[in-house]
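Below you'll find the structure, written out as structure tokens, and then a few comments.
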Amino acid sequence: MRKIAVINQKGGVGKTTTAVNLASGLALLQKKVCLVDLDPQSHASLHLGVTLGGGETSIYDLLCGESTVSDVRRQITPHLDIVPANLDLAAAELELAGEVGREVILRDRFEAEDSNHDFMIIDCPPSLGVLTLNALTAVDEVFLPLQPHFLALHGLSKLLRTIDIVSKRLNPGLRLEGIVLCMYEASTRLAAEVSRDVEEFLVSNTSQSSVWSSARFFQTKIRRNIRLAEAPSFGQSIFDYAPNSHGAEDYLSLAREILETSSSVACSGNDTAAFSRN
Ligand code: ADP
Ligand code: MG
């Protein structure tokens, strides 16, 4: 199983849109996917039409209670499951504060489960707190969505440092797999400039750690597309809401690209920076 966390501590960069539609795209390609909503705002759950009523279990019960993954997981389609969240999760940070081993609860819960999924994709909250740490210990790969914006680099070094520390102390297999450019507008120079700046930043920091030495920009860029912004209100992935849109085209292309790299993942990391400017 490939285990991926979609992380950026900034809000509004396309994490949830990417987690939901990439998961749905992979499911469309007949992969078995478990999407994990780790954000108290529960946007990923709402995006797929999952609204939890009182008394229904959520990822909060997995982290702070006795629930198992199969208690909490729900089926969206035959190939797509979700471990949903609701606002209860906002209390987890505080409740887990005194807990020994609080950063590895999610990992342990999933390891205790017999799973037949090909992918686990975690949608993270916009912070680097205990929830995101749980994601970083439960996965092997980090996908970083970036919006081409003049502040895109801001905060990147803190995120990379966090990934590096987690890989050294808690999860040696962890790596930054790639960067997804979201809300891309080909006509602007900014997108090209931001790509170049991020690339230079990563290359210049490569010697300090290997967790991002094999990272790359995914060739697929997610164009700005209004259908992607509309789909969540209808509780549908882009493939159900607007299958002929640019948004559907781009996320299916990203899913295909990720499947293509499945075979090469095992041998990545033995190179110096694998950055390519596309
Ligand atoms: P995050 O999870 O990082 O906070 P979201 O995925 O929720 O970011 O995206 C922020 C907003 O931008 C949402 O309203 C979403 O619908 C919209 N959005 C995301 N990607 C695109 C895109 N490619 N084109 C247009 N709107 C987008
Ligand atoms: Mg989000």
For S24 and L48, work out which heavy atoms get closest and say how close. OG-CD2, 4.3 Å
L89 versus D39: any side-chain heavy-atom pair under 4.5 Å? no
Work out which heavy atom in C124 is nearest to a heavy atom in T132; give both atom names and the distance. CB-OG1, 4.3 Å
For the residue pair R2 and D140, establish whether any side-chain heavy-atom pair is separated by less than 4.5 Å. no
Side-chain donor-acceptor distances from residues 90-100 under 3.5 Å, at least two apart:
| residue | atom | partner | partner atom | Å |
| --- | --- | --- | --- | --- |
| E93 | OE2 | V130 | N | 2.8 |
| E95 | OE1 | Y60 | OH | 2.7 |
| E95 | OE2 | Y60 | OH | 2.9 |

Which value, rounded to the nearest 0.5 Å, describes the distance between E249 atom CD and I222 atom CD1? 10.5 Å
Contact between P232 and H43 at the side-chain level, heavy atoms closer than 4.5 Å - yes or no? no
Do T16 and D123 pair up side chain to side chain, a donor and an acceptor below 3.5 Å, judged on atom types alone? yes
Grab the two heavy atoms, one from A5 and one from A135, that are nearest each other, plus how far apart they are. CB-CB, 4.2 Å
State, with a plain yes or no, whether a side-chain heavy atom of L63 is found less than 4.5 Å away from one of R109. no
My understanding is that only one of L181, I179, L254 makes a side-chain contact (heavy atoms from CB on, under 4.5 Å) with F218; could you say which? L254
Show your reasoning for whether side chain to side chain contact (heavy atoms under 4.5 Å, CB included) applies to L62 and F110. CA-CA 10 Å; L62 201 67; F110 274 92; 4.3 Å; yes
Would you give the length of the straight line joining atom CG of L136 to atom OG of S167, rounded to the nearest 0.5 angstrom? 9.5 Å
Once rounded to the nearest 0.5 Å, what's the spacing between atom CE of M120 and atom NZ of K32? 13.5 Å
For the residue pair V180 and L22, establish whether any side-chain heavy-atom pair is separated by less than 4.5 Å. no
State the CE-CD distance between M183 and E185, to the nearest 0.5 angstrom. 10.0 Å
For the student: nearest non-hydrogen atoms of P40 and P125, plus distance: CD-CB, 4.1 Å
Distance-minimising heavy-atom pair for A138 and I122: CB-CD1, 4.4 Å
Given the rule in the side chain to side chain contact (heavy atoms under 4.5 Å, CB included) test, do H117 and K3 qualify, once you have shown the distances and angles that lead to the verdict? CA-CA 10 Å; H117 292 96; K3 294 178 273 186; over 6 Å; no
Any side-chain heavy-atom pair of V142 and V211 under 4.5 Å: no
Is V69 linked to M1 within one hydrophobic cluster, defined over Ile, Leu, Val, Met, Phe, Trp and Tyr using a side-chain heavy-atom separation of less than 4.5 Å? yes
Flag if over 12 foreign heavy atoms under 6.0 Å of CD, E66: no
Main-chain N/O of I82 paired to D37 side chain as donor or acceptor, under 3.5 Å: no
Can you confirm whether V13 sits close enough to L144 that some side-chain heavy atom of one is under 4.5 Å from a side-chain heavy atom of the other? no
Just so I know, are the side chains of L26 and D118 near enough to count as touching, which here means a heavy-atom distance under 4.5 Å? no
Any chain of hydrophobic side-chain contacts (each under 4.5 Å) joining L35 to L46? no
Any side-chain donor-acceptor pair under 3.5 Å between T68 and D71? yes
Could you tell me the separation between the SG atom of C34 and the CG atom of N116, rounded to the nearest 0.5 Å? 10.0 Å
Qualifying residues under ring pair (Phe, Tyr, Trp, His ring centres under 6.0 Å), relative to F119, sequence neighbours excluded: none
Does any donor atom in the side chain of Y251 or T220 lie under 3.5 Å from an acceptor atom in the other side chain? no
So, taking the atom named CG in L52 and the one named CD1 in I59, what distance separates them when rounded to the nearest 0.5 Å? 11.0 Å
Could you check I4 against E177 for side chain to side chain contact (heavy atoms under 4.5 Å, CB included), going step by step and ending with a plain yes or no? CA-CA 9 Å; I4 298 164; E177 172 69 13; over 6 Å; no
Measure up the Y241 and F234 rings against each other and bin them: parallel (under 30°), tilted (30 to 60°), perpendicular (over 60°). parallel
Could you tell me whether the side chain of T137 and the main chain of L170 form a donor-acceptor pair under 3.5 Å? no
Nearest heavy atoms of G25 and L252, plus distance in Å: O-CD1, 4.0 Å
Take R74 and E56 through the salt bridge (charged side-chain N to carboxylate O under 4.0 Å, His left out) test and state the conclusion after the steps. CA-CA 11 Å; R74 282 134 197 274; E56 289 187 277; 3.0 Å; yes
Under the criterion salt bridge (charged side-chain N to carboxylate O under 4.0 Å, His left out), which of E199, E141, E257 is the partner of R216? E257
Output yes when a side-chain donor or acceptor of D61 lies under 3.5 Å from a complementary backbone atom of S58, and no otherwise. yes
Between K10 and L146, is there a donor-acceptor pair closer than 3.5 Å when you use the side chain of the first and the backbone of the second? no
